2 protein chains.
Amino acid sequence: MPRPLIDLLWRDHPDAPAGGSRGPRASVSTGTVVAAAIRLADADGLGAVTVRRLAGELGVSTMSVYTHVNSRDDLLVLMADAVHGQLDRPSYGRLGWRARVRRLAEANLALLQAHPWLHEVRDDRTALGPGTIAKYDHELRALTPLGLDPVTCDAALTFVLDFVRAGARSLAPRPHAAELAEHWPEWGPRLAAYLGEDHPLAQEVGAAAGAAHDGATDPSFAWDFGLARVLDALAALT
Amino acid sequence: MPRPLIDLLWRDHPDAPAGGSRGPRASVSTGTVVAAAIRLADADGLGAVTVRRLAGELGVSTMSVYTHVNSRDDLLVLMADAVHGQLDRPSYGRLGWRARVRRLAEANLALLQAHPWLHEVRDDRTALGPGTIAKYDHELRALTPLGLDPVTCDAALTFVLDFVRAGARSLAPRPHAAELAEHWPEWGPRLAAYLGEDHPLAQEVGAAAGAAHDGATDPSFAWDFGLARVLDALAALT
DNA sequence: CGATACGTTGTACGGCGTACAGAGTTCATC
DNA sequence: GATGAACTCTGTACGCCGTACAACGTATCG
């Protein structure tokens with residue numbers, strides 16, 4: 001089924017090419033492949049989404065996956081668009097722009113926490129999908145009260161979402177945190193010895209920030225701080 | 001040479017363990033390996049930095065690389081720290097915080113444009129390296145005029161750098177832009193047909209933003225917009 | 001002179017994405 | 001009802017990847 005990606009993205013649309021009726025009925029579909037891949041990625045990360053493992057999960061042979069999806073890269077696009085489409089998009093009602101942007105940020109944070117692998121999917125073709133477009137439309141609506149022209153409005157949304165992505169990323173489990181933590185008892189003192197009295201500002205701030213990060217202070221301090229700054233930044237536009 | 005990463009990072013420090021004097025003189029060093037890897041990554045992207053290719057470039061066998069670097073993941077940390085260390089760090093002099101933050105942003109943009117593969121290196125262990133620490137120290141100095149407490153200062157720097165990273169990323173060549181452009185003549189109309197009259201706001205803004213992005217309007221609009229917002233956001237702190 | 005520590009190398013293993021050729025199944029058509 | 005096209009599914013194979021491991025060569029130390 002080498003249907004082009006655009007048709008796979010829109011496979012649920014009434015006008016999407018249906019695929020002929022000949023041949024054995026498919027035991028899985030593009031939709032089930034994508035759903036299984038999402039399940040895998042949610043559970044074990046994007047690295048676990050290999051064609052072989054996915055096929056095993058679905059109970060088909062490795063190469064059968066390629067009947068329903070053109071490549072692994074295409075699969076990632078389909079996965080991202082699928083989770084974008086599953087978001088609910090409640091009307092903003094009478095909410096002012098601040099509350100809307102807050103909602104927008106928190107919804108995206110929740111999305112990225114539910115599907116941390118989204119951080120690793122950076123493919124412009126995702127923007128062609130129905131889920132991604134619906135998300136975009138809904139998020140633009142959060143900014144309409146600001147009365148910006150289209151290009152500025154897009155830039156403002158990008159600004160907010162870029163902050164959310166970065167914030168979500170630093171809230172997420174870090175890739176090599178384990179190694180660092182494991183060797184820290186040995187490396188910490190060694191680092192201190194190398195540093196000596198150099199870079200006192202970095203040492204002071206780094207120590208304070210480090211203590212705050214895994215100490216009593218809220219580790220989401222940076223998130224709250226950043227979101228407040230984003231709102232300040234947009235306020236300056238009005 | 002299974003010296004731990006921390007010692008490889010600080011290999012130029014006088015107190016760094018030197019390694020015994022027995023055995024044949026090494027034909028390459030950790031430094032030359034890292035330099036060659038950076039050259040490769042700058043030229044052909046991180047994907048080109050394979051141990052085999054790197055060894056070929058250095059004129060040694062594949063496995064010899066592991067004499068000077070513990071693993072590919074470690075190598076990425078060493079590469080990132082090396083380019084961080086090569087930045088120059090001119091004193092900010094009498095500059096006010098706005099000009100400092102501008103400089104900071106532009107220096108990091110230049111860094112990420114010179115070494116786009118930095119976007120793909122996300123390893124907390126980089127923070128242990130002398131180059132990264134020196135960079136951190138210098139960047140904190142940009143924010144001192146704001147008179148923030150340490151934790152807030154760190155959060156503010158993170159806020160700025162996260163914006164810069166996102167902005168640099170969207171200015172950089174996109175991974176699958178080629179495929180998109182290639183199929184666009186066919187996919188564009190098909191997408192329009194699927195969309196119909198739906199999501200008029202997304203269609204309007206998307207079209208305007210798309211036209212601005214590759215049209216007469218500066219493609220760096222989002223950068224200028226974002227940087228202005230970041231400055232507004234920090235201004236609200238004072 | 002060993003003995004020792006170190007650099008270098010080739011082989012091999014288990015993974016990956018996927019090209020390709022063939023076999024089996026269903027349907028439209030004659 | 002037979003035929004062939006369209007379709008799904010499968011196994012094999014290729015060329016990559018990172019790297020564990022063992023063998024070998026070489027320079028210095030005791």
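In this text, all values refer to a predicted model and were calculated from it rather than measured experimentally. Values reported hereafter were calculated over all heavy atoms of this structure, with side chains retained and with hydrogens, waters and symmetry mates removed. Throughout, protein chains are lettered first and strands after them, A, B, ... in sequence-line order, and every chain is numbered starting at 1.
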Inset, instruction - Check step by step if salt bridge (charged side-chain N to carboxylate O under 4.0 Å, His left out) holds for B/Arg165 and B/Asp162. - result: CA-CA 5 Å; B/Arg165 275 189 282 260; B/Asp162 281 345; 3.0 Å; yes
Inset, instruction - Would you indicate whether the side-chain heavy atoms of B/Asp44 and B/Arg53 approach each other to under 4.5 Å? - result: yes
Inset, instruction - Determine whether A/Leu8 and A/Asn70 make a side-chain contact, defined as any pair of heavy atoms from C-beta on separated by less than 4.5 Å. - result: yes
Legend entry - Pair A/Phe159 + B/Trp223: ring centers closer than 6.0 Å: no
Inset, instruction - Using a 4.0 Å heavy-atom cut-off across all strands, classify B/Val49 as base, sugar-phosphate, or nothing. - result: sugar-phosphate
Inset, instruction - Quickly work out the A/Asn70 CG to D/dT8 P distance and round it to whole Å. - result: 12 Å
Legend entry - Atom-pair distance (CG on A/Asp73; C1' on C/dC16), nearest Å: 13 Å
Inset, instruction - Using a cut-off of strictly less than 4.0 Å, decide whether A/Ser21 has a side-chain nitrogen or oxygen near OP1 or OP2 of C/dT26. - result: no
Legend entry - Residue B/Ala26, side-chain heavy atoms: nucleotide from C/dC27, C/dT18, C/dG7 that is nearest: C/dG7
Inset, instruction - Between D/dT19, C/dC16, C/dG7, spot the one nearest the side chain of B/Ser71, thanks. - result: D/dT19
Legend entry - Salt-bridge criterion met for A/Asp123 and B/Arg174 (N-O under 4.0 Å): no
Inset, instruction - For DNA chain D, determine which residues of residues 52-64 of chain A have any heavy atom closer than 4.0 angstrom to one of its atoms, and list them numerically. - result: A/Val60, A/Ser61, A/Met63, A/Ser64
Inset, instruction - Respond yes when some side-chain nitrogen or oxygen of A/Thr50 is under 4.0 Å from OP1 or OP2 of C/dC16, and no when none is. - result: yes
Inset, instruction - Run the salt-bridge test on A/Arg190 and B/Asp7 with the 4.0 Å N-O cut-off and return the result as yes or no. - result: yes
Legend entry - Pair A/Asp74 + A/Arg125: basic N to acidic O under 4.0 Å: yes
Legend entry - DNA chain C: 5'-proximal contact among B/Gly23 and B/Val65 (nearest heavy atom): B/Gly23
Legend entry - Under-4.0 Å side-chain N/O to phosphate OP1/OP2 contact, B/His68 with C/dT8: yes
Inset, instruction - Examine D/dC29: is either OP1 or OP2 under 4.0 Å from a nitrogen or oxygen in the side chain of B/Arg22? Give yes or no. - result: no
Legend entry - Closest-nucleotide 5' rank along DNA chain D - winner of B/Arg72 and A/Arg25: A/Arg25
